[in-house]
Amino acid sequence: MNRELIDLYIGRVLRLAELPKDREAEVREEISGHLTETAEKLMKTGLYAKDATWKAIEQYGHPRVVGSRLRRPWQWVDIRQHGTARGFIAIGPKAVGVFAFGGFAAGIFAVGGTSIALFGVGGFTIGLLLAWGGLAIGGTAFGGLAAGIAAGGGVTFGVVAYGGSCYALLSPITSSSAAIHSYYTLATAPEWLKSLLPLLEVPRMMVRQMWIIMPTFLALTLVPSIAMTVLSRHQSKPSTENPENWLLE
């Protein structure tokens with residue numbers, strides 16, 4: 001097999017993975033052993049050493065994909081085009097951090113297509129304290145479809161709630177234009193239930209401040225997208241070591 005090519009490939013994987021030094025030797029040995037074994041088997045079928053090595057590398061996968069699968073240490077800022085970003089600020093297809101932005105995002109504050117957090121924003125979001133999205137589930141939830149202890153939005157389910165169509169133990173809305181399904185009225189509700197009504201001020205405030213919230217949400221979505229685009233272009237630059245090989249780009 002072509003040892004130089006294997007070393008070049010592994011070097012690229014490690015640079016993209018950004019592993020700590022104490023793990024590099026272990027990973028290098030593991031990948032090298034697998035590629036060597038595969039290449040030797042292919043050589044027995046009649047392939048030349050270099051062709052067998054290329055074939056083994058192609059089967060193993062692109063460095064970006066392989067590198068993204070390797071678990072990296074926690075970072076202050078981690079931006080990933082592939083795999084899971086893990087950091088205080090994490091941006092990537094899968095992001096885990098204190099502030100997380102991605103297709104799937106999990107953290108204290110999370111913005112994503114799917115988000116799980118204390119404070120979550122997204123298409124589908126679960127927020128233990130606050131959730132805002134197309135489908136929102138949380139302690140306090142606001143969205144097209146919202147469910148929570150206190151919920152506001154289009155269709156809502158909650159202990160206390162309001163919305164275009166509302167299903168709750170208690171809803172303060174008396175408008176005849178809204179479809180209200182409230183077990184209690186304000187006159188018949190127990191005091192403990194009435195004490196939860198102030199929680200509805202959170203989704204109501206979000207409605208009143210939508211002119212501020214929407215640009216903020218767009219900014220929180222746009223900035224990570226720009227960061228990933230810049231990273232993608234940076235990683236797409238041909239390798240000076242072997243520019244004709246797409247696996248090493």
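All residue numbers refer to positions in the sequence shown, counting from 1.
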Stepwise, does the side-chain contact (heavy atoms from CB on, under 4.5 Å) test hold for Leu130 with Phe142?
CA-CA 8 Å; Leu130 174 64; Phe142 174 72; 5.7 Å; no
Check: Arg204 and Tyr162 side chains under 4.5 Å, non-hydrogen atoms:
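Contact flag for Tyr162/Arg204 side chains = yes.
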Can you find a pair of side-chain heavy atoms, one from Ile126 and one from Phe124, that are under 4.5 Å apart?
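Yes; the side chains approach each other to less than 4.5 Å.
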When you measure from the side chain of [X] to the backbone N and O of [Y], does any donor-acceptor pair fall under 3.5 Å?
{"X": "Thr188", "Y": "Thr185", "value": "yes"}
{"X": "Asp78", "Y": "Ala90", "value": "no"}
{"X": "Ser182", "Y": "Ser171", "value": "yes"}
{"X": "Ser32", "Y": "Glu29", "value": "no"}
{"X": "Thr156", "Y": "Ala146", "value": "no"}
{"X": "Thr45", "Y": "Leu42", "value": "yes"}

Could you please spell out the steps behind the side-chain contact (heavy atoms from CB on, under 4.5 Å) verdict for Leu197 and Leu186?
CA-CA 10 Å; Leu197 286 176; Leu186 289 174; 3.8 Å; yes
Can you tell me how far the [atom1] atom of [X] sits from the [atom2] atom of [Y], to the nearest 0.5 Å?
{"X": "Thr38", "Y": "Gln59", "atom1": "OG1", "atom2": "CD", "value": "6.5 Å"}
{"X": "Ile6", "Y": "Thr36", "atom1": "CD1", "atom2": "OG1", "value": "4.0 Å"}
{"X": "Arg28", "Y": "Asp7", "atom1": "CZ", "atom2": "CG", "value": "6.5 Å"}
{"X": "Ile31", "Y": "Leu14", "atom1": "CD1", "atom2": "CG", "value": "6.0 Å"}

Between Lys44 and Glu40, is the closest basic N to carboxylate O distance under 4.0 Å?
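No, Glu40 and Lys44 are not salt-bridged.
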Val121 and Phe109: side-chain contact (heavy atoms from CB on, under 4.5 Å), yes or no, with the steps?
CA-CA 8 Å; Val121 179; Phe109 302 91; over 6 Å; no
Does the side chain to side chain donor-acceptor pair (under 3.5 Å) test come out yes or no for Arg3 and Thr53, once each step is laid out?
CA-CA 8 Å; Arg3 174 56 56 184; Thr53 304; over 6 Å; no
Parallel, tilted or perpendicular, judged at 30° and 60°: which one describes the rings of His34 and Tyr60?
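Tilted, since the angle between the ring planes falls between 30° and 60°.
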Glu201, CD: over 12 other non-hydrogen atoms inside 6.0 angstrom
yes
Hydrophobic clusters here meaning ILVMFWY residues chained together by side-chain heavy-atom distances under 4.5 Å, can you tell me if Leu129 and Phe99 are in one?
yes
